[in-house]
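Quantities reported herein were computed from a predicted structural model and do not represent experimental measurements.
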Amino acid sequence: MTEAIHRTALVEEGVILGQDVTIGPYTIVHSGTEIGARTTIGSHCEIGLPTALAEGNPLRLGPGATVRSHSVLYQGSVVGPKLTTGHHVTIREKAEIGEGFQLGSRGDVQGHCIIGDYVRSHADVHIGQLSKLGSYIWLFPNVLLTNDPDPPSENLLGVTIEDFVVIAANSILMPGAIVGEGAVVAAGSQVHADIPAGMVARGQPAKVVCPADILRMHSDPAQRTYPWRKRFHRGYPQEIVEEWLKAPD
């Protein structure tokens, strides 16, 4: 086992570390945490933070993660391979997160969530409890997924977002909203009602305005913007991209 643990870091007894794990200055890794191989954790992080809400379950962090400084990951969540975070992020307990999740700086996953593969979440995104996210989703800066229809209350309703959805900056999704596969929510929208698959919605409250596949690129009007997977492939595994390109529109 090859480890690079800074002399000021505290790794408690009972931590399971894979090979080639790097832990930065003043970071605390709590007992019972499992960290996969080739993971890098920056300075001033707290990993596996104890909470009674985790009901004794450890944090399991998959291989190849990059967790940047001042991040806090609680006990009780399972995170797949290749997590990438910005700075000052929080992932609470009982989150089930797939491969390749990207959580931008100051991002907040409030636990009790399901998040699929290759979800890309930019800075200052809040994912409320009971959210259910599919795979290959884009959440741009300041997106807010709410969950309380009668604040403050215990009657939480999570947001559901299906595969390949794009939620543009400064949008708010209200409790219980469902956004269908491949839909697009325009910047600054407030989503109260469900959005059908493949449609564009915008406004406050958001209204469906057109099918997404009629939109064209600003730089090349001959090219369709959506479905975006036909034109944008950076950071996705080659085998997945090949499947996208072979699939019908």
Side-chain angles (χ1 to χ4, degrees), residues 53 73-74 76-80 83-86 89-212 226-229:
L53 298 175
L73 279 58
Y74 281 63
S77 287
V78 179
V79 183
L83 168 72
T84 302
T85 81
V89 310
T90 303
I91 299 177
R92 291 290 306 242
E93 67 284 339
K94 292 191 175 180
E96 299 177 19
I97 299 173
E99 182 173 351
F101 181 44
Q102 296 183 7
L103 181 61
S105 292
R106 298 171 303 281
D108 179 29
V109 177
Q110 273 294 297
H112 301 264
C113 297
I114 298 174
I115 298 174
D117 296 332
Y118 293 97
V119 172
R120 294 185 174 180
S121 171
H122 286 239
D124 300 296
V125 169
H126 172 85
I127 299 175
Q129 283 192 16
L130 305 185
S131 298
K132 295 181 180 179
L133 278 61
S135 298
Y136 314 112
I137 290 166
W138 288 82
L139 305 176
F140 283 90
N142 296 301
V143 165
L144 174 61
L145 309 185
T146 68
N147 60 9
D148 191 347
D150 305 297
S153 78
E154 302 289 345
N155 304 316
L156 304 185
L157 294 173
V159 167
T160 298
I161 302 176
E162 297 180 355
D163 297 350
F164 300 109
V165 165
V166 175
I167 311 292
N170 295 302
S171 292
I172 302 174
L173 276 63
M174 303 304 287
I178 300 173
V179 183
E181 180 173 338
V184 178
V185 176
S189 296
Q190 189 174 101
V191 178
H192 293 262
D194 297 349
I195 299 174
M199 303 302 289
V200 177
R202 68 180 181 191
Q204 298 182 1
K207 304 290 186 182
V208 173
V209 293
C210 66
Y226 302 104
W228 61 262
R229 59 190 178 275

Asks: Can you confirm whether L173 sits close enough to I161 that some side-chain heavy atom of one is under 4.5 Å from a side-chain heavy atom of the other?
Replies: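 With C-beta onward as the side chain, the pair touches.
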Asks: Of the non-hydrogen atoms in S135 and D163, which two are nearest, and what is the gap between them?
Replies: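 Nearest heavy atoms, S135 then D163: N-OD1, 2.8 Å.
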Asks: Can you give me the closest heavy-atom contact between A201 and S189, atom names plus distance?
Replies: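 Closest heavy-atom pair between A201 and S189: O-OG, 3.9 Å.
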Asks: Taking all non-hydrogen atoms of both residues into account, name the closest pair between A95 and V109 and its distance.
Replies: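 A95 and V109 have their closest heavy atoms at CB-CG1, 4.3 Å.
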Asks: If you look only at pairs with a residue in residues 104-121, which of them pass as a salt bridge (Lys or Arg N to Asp or Glu O under 4.0 Å), with sequence neighbours excluded?
Replies: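 For residues 104-121, and leaving out neighbouring residues, the salt bridge (Lys or Arg N to Asp or Glu O under 4.0 Å) pairs sorted by first residue read R106-D124.
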Asks: With rounding to the nearest 0.5 angstrom, report the OG to NE2 distance, S121 to H126.
Replies: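 Result: 11.0 Å between the selected atoms.
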Asks: A side-chain contact here means heavy atoms from C-beta on lying under 4.5 Å apart; do V166 and Y226 qualify?
Replies: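 Contact flag for V166/Y226 side chains = yes.
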Asks: Testing the 3.5 Å rule here: is there a donor-acceptor pair between the side chains of Q190 and H192?
Replies: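 H192 and Q190 do have a side-chain donor-acceptor pair below 3.5 Å.
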Asks: Stepwise, does the side chain to side chain contact (heavy atoms under 4.5 Å, CB included) test hold for V159 with V191?
Replies: CA-CA 10 Å; V159 167; V191 178; over 6 Å; no
Asks: Do H122 and W138 have side chains that approach each other closer than 4.5 Å (heavy atoms only, starting at C-beta)?
Replies: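 Yes; the side chains approach each other to less than 4.5 Å.
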Asks: Evaluate the criterion side chain to side chain contact (heavy atoms under 4.5 Å, CB included) for residue pair L130 and N147; output intermediate values, then yes/no.
Replies: CA-CA 7 Å; L130 305 185; N147 60 9; 5.5 Å; no
Asks: Report the distance from atom CD1 of I137 to atom CD1 of I167, rounding to the nearest 0.5 Å.
Replies: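 So the gap between those two atoms works out to 8.0 Å.
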Asks: Tell me, do L73 and L83 make a side-chain contact under 4.5 Å, heavy atoms counted?
Replies: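 Counting from C-beta outward, L73 and L83 do come under 4.5 Å.
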Asks: Under 3.5 Å, side chain of S77 to main-chain N/O of R92, donor-acceptor pair present?
Replies: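 Side chain of S77 to backbone of R92: a pair is present.
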Asks: Identify the heavy atoms of A187 and A168 that sit nearest to each other, and give their distance.
Replies: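 So the minimum-distance heavy-atom pair works out to N-CB, 3.4 Å.
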Asks: Please determine whether side chain to side chain contact (heavy atoms under 4.5 Å, CB included) holds for the pair L133 and L139, giving the CA-CA distance in whole Å, both sets of side-chain angles, and the decisive distance to 0.1 Å.
Replies: CA-CA 11 Å; L133 278 61; L139 305 176; 3.9 Å; yes
Asks: Any donor-acceptor pair under 3.5 Å linking the side chain of E162 with the backbone of E181?
Replies: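 Side chain of E162 to backbone of E181, a donor-acceptor pair under 3.5 Å: yes, one is there.
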Asks: Report all side-chain donor-acceptor pairs from residues 97-105 shorter than 3.5 Å, counting only partners two or more places apart or in another chain.
Replies:
{"unit_1": "E99", "atom_1": "OE2", "unit_2": "K82", "atom_2": "NZ", "d": "2.9"}
{"unit_1": "E99", "atom_1": "OE2", "unit_2": "Y118", "atom_2": "OH", "d": "3.0"}
{"unit_1": "S105", "atom_1": "OG", "unit_2": "H87", "atom_2": "N", "d": "3.0"}

Asks: Spell out, as yes or no, whether a donor-acceptor pair under 3.5 Å connects the side chain of D194 to the backbone of I178.
Replies: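 Answer holds: yes.
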Asks: Can you tell me how far the OH atom of Y74 sits from the CD1 atom of I91, to the nearest 0.5 Å?
Replies: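 So the OH of Y74 and the CD1 of I91 are separated by 11.5 Å.
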Asks: Quick one: pull up CD in E96 and NE2 in H112 and give me the separation to the nearest 0.5 Å.
Replies: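 E96 atom CD to H112 atom NE2 measures 11.0 Å (nearest 0.5 Å).
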Asks: Using a 6.0 Å distance limit plus a 45 degree cone around the ring axis, check whether R229 lies over the aromatic ring of F164.
Replies: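 Ring-cation test returns yes.
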Asks: Would you name the heavy atoms of M174 and T146 that are closest together and state the gap between them?
Replies: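 For M174 and T146, the tightest heavy-atom pair comes out as CA-OG1, 3.2 Å.
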Asks: Taking all atoms of both residues into account, what is the closest heavy-atom pair of A183 and P196, and its distance?
Replies: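 It is CB-O, 3.7 Å.
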